[in-house]
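Scroll down for the structure; my scribbles are underneath it.
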Amino acid sequence: MPELPEVETARAVIERAALKRRIVAVDDTDSYVCRPHPPGQIRDALLGTELTEAHRRGKTMWCDTATGPVLGLHLGMSGKIVVTEADGTEVDGGDYWAYGRTNGEHRFCRFSLTFADGGVLRLLDPRRLARVRLDPNVDDLGPDAATITAARFARAVGAGRAPVKARLLDQHALAGVGNLLADDVLWRAGVNPARPVDALTDADRRRLHRALRAAIDEAVRDGGVHTLPLVPERRPGGQCPRDHTILVHATVGGRTTYWCPKHQAG
DNA sequence: TATAGTGTTATCGG
DNA sequence: ACCGATAACACTAT
């Protein structure tokens with residue numbers, strides 16, 4: 001589920017509910033999610049300190065700590081952050097999860113921080129493709145898709161023969177666009193997903209940039225990429241929300257891709 | 001039971 | 001070395 005909008009919401013959850021609280025217990029025993037750190041290494045680095053700031057670039061989050069290393073968090077394909085207070089109150093990123101409501105059950109907990117007053121931050125992730133690591137390297141990520149300028153976007157989606165969708169998904173070129181957001185952006189801009197980037201016009205790139213910014217703003221505001229117009233129609237028989245043409249689908253850039261054959265023909 | 005899947009990365013070929 | 005395509009990863013829901 002998590003693309004940039006969901007990750008931004010998760011970051012805001014941490015900012016609102018997990019900063020400046022002394023960490024008294026850490027569960028880092030899931031050695032796949034916490035790799036390459038051996039069990040206990042992340043725990044030892046965080047015990048007794050506190051998170052001070054929550055940052056995000058693309059789909060990667062990281063938290064500064066008062067006295068320890070930086071804590072990197074990535075939600076992978078199915079991760080979610082939930083903060084539960086001692087009285088049972090939950091703060092989470094909304095109901096976008098495909099694996100049902102959490103309902104205080106905390107199934108699939110892969111990592112947790114317990115605070116001095118009994119509150120707990122949990123990373124829930126059925127598929128265990130999320131990652132927790134100390135001092136993550138963020139430098140290889142491209143500019144954040146939520147704030148990228150038109151000029152930098154044009155550079156990122158300028159040269160090369162890759163299908164434009166593949167480039168939008170390339171986290172080194174720009175960071176934060178996932179499969180569903182990419183389809184919605186291309187749909188808004190009226191661009192065929194398979195079009196090579198060097199065949200785009202400057203006008204195409206301007207429309208794509210505006211579509212990207214608008215789609216992200218709407219998705220963050222409305223609760224995730226599932227609220228975008230095209231996303232519920234991404235299924236066999238789904239219709240274009242604009243002209244009601246039956247959408248077509250194929251694999252582009254290695255991912256299942258839906259588009260309107262009428263207004264995204266070229 | 002078989003399959004698809006919202007992300008990342010190692011590996012392969014051009 | 002660069003660029004793009006593909007498989008693998010772990011696991012659940014359909």
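Lettering of chains follows the sequences in order, A, B, ..., and the numbering in each one begins at 1. No hydrogens, no waters, no symmetry mates; every other heavy atom, side chains included, goes into these values.
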Can you identify which nucleotide, out of [options], has its nearest atom closest to the [X] side chain?
X: A/Arg131; options: B/dT9, B/dG5, C/dA13; answer: B/dT9
X: A/His74; options: C/dA5, C/dG4, B/dG7; answer: B/dG7
X: A/Arg107; options: C/dA5, C/dC11, C/dA13; answer: C/dA13

Once you round it to whole Å, what is the distance between [atom2] of [N] and [atom1] of [X]?
X: A/Leu180; N: B/dG5; atom1: CG; atom2: P; result: 10 Å
X: A/Leu129; N: B/dT9; atom1: CG; atom2: C1'; result: 11 Å
X: A/Leu75; N: B/dT8; atom1: CG; atom2: P; result: 10 Å
X: A/Leu4; N: B/dG7; atom1: CG; atom2: P; result: 11 Å
X: A/Arg161; N: B/dG14; atom1: CZ; atom2: P; result: 18 Å
X: A/Lys80; N: C/dC11; atom1: NZ; atom2: C1'; result: 18 Å
X: A/Glu3; N: B/dT8; atom1: CD; atom2: P; result: 9 Å
X: A/Leu168; N: B/dG7; atom1: CG; atom2: P; result: 13 Å

Check ion pair A/Asp204-A/Arg195 (N to O, under 4.0 angstrom):
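A/Arg195 and A/Asp204: salt-bridged.
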If the threshold is 4.0 Å, N to carboxylate O, is there a salt bridge linking A/Lys80 and A/Glu90?
no
Under 4.0 Å, heavy atoms only, any strand: does A/Gly254 hit a base, just the sugar-phosphate, or nothing?
nothing
Dot-bracket for DNA chain C, 5' to 3', with Watson-Crick and G-U pairs under 3.5 Å, [ ] for crossing pairs and | for other-strand pairs: what is it?
.||||||||.||||
Once hydrogens and angles are ignored, does a donor-acceptor distance under 3.5 Å link the base of C/dA10 to the side chain of A/Arg127?
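Answer is yes: a donor-acceptor pair is held.
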So, is [X] near the phosphate of [N], with a side-chain N or O under 4.0 Å from OP1 or OP2?
X: A/Ser78; N: B/dG5; value: no
X: A/Arg167; N: C/dG4; value: yes
X: A/Gln171; N: B/dT8; value: yes

Strictly distance-based, threshold 3.5 Å: is any side-chain N or O of [X] a donor or acceptor partner for the main-chain N or O of [Y]?
X: A/His37; Y: A/Leu134; answer: yes
X: A/Thr65; Y: A/Glu50; answer: no
X: A/Glu6; Y: A/Val225; answer: yes

Which residues pass the side-chain contact (heavy atoms from CB on, under 4.5 Å) test with A/Arg155, sequence neighbours left out?
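Checked A/Arg155 against side-chain contact (heavy atoms from CB on, under 4.5 Å); matches are A/Arg152.
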Take the angle between the ring planes of A/Trp62 and A/His55 and call it parallel below 30°, perpendicular above 60°, tilted in between.
parallel
5'-most by nearest nucleotide on DNA chain C - A/Pro163 or A/Arg255:
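The 5'-side residue here is A/Pro163.
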Between A/Arg128 and A/Gly160, which is nearer to the 5' end of DNA chain C once each is assigned its nearest nucleotide?
A/Gly160
For B/dT9 versus C/dT12, give the span between their P atoms, rounded off to a whole number of Å.
23 Å
Could you tell me how far C/dA13 sits from B/dT8 if I compare only their C1' atoms? Round to whole Å.
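Rounded to whole Å, the distance is 22 Å.
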Give me the atom names and distance for the closest heavy-atom approach of A/Ala215 to A/Arg188.
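Here A/Ala215 and A/Arg188 meet closest at CB-NE, 3.6 Å.
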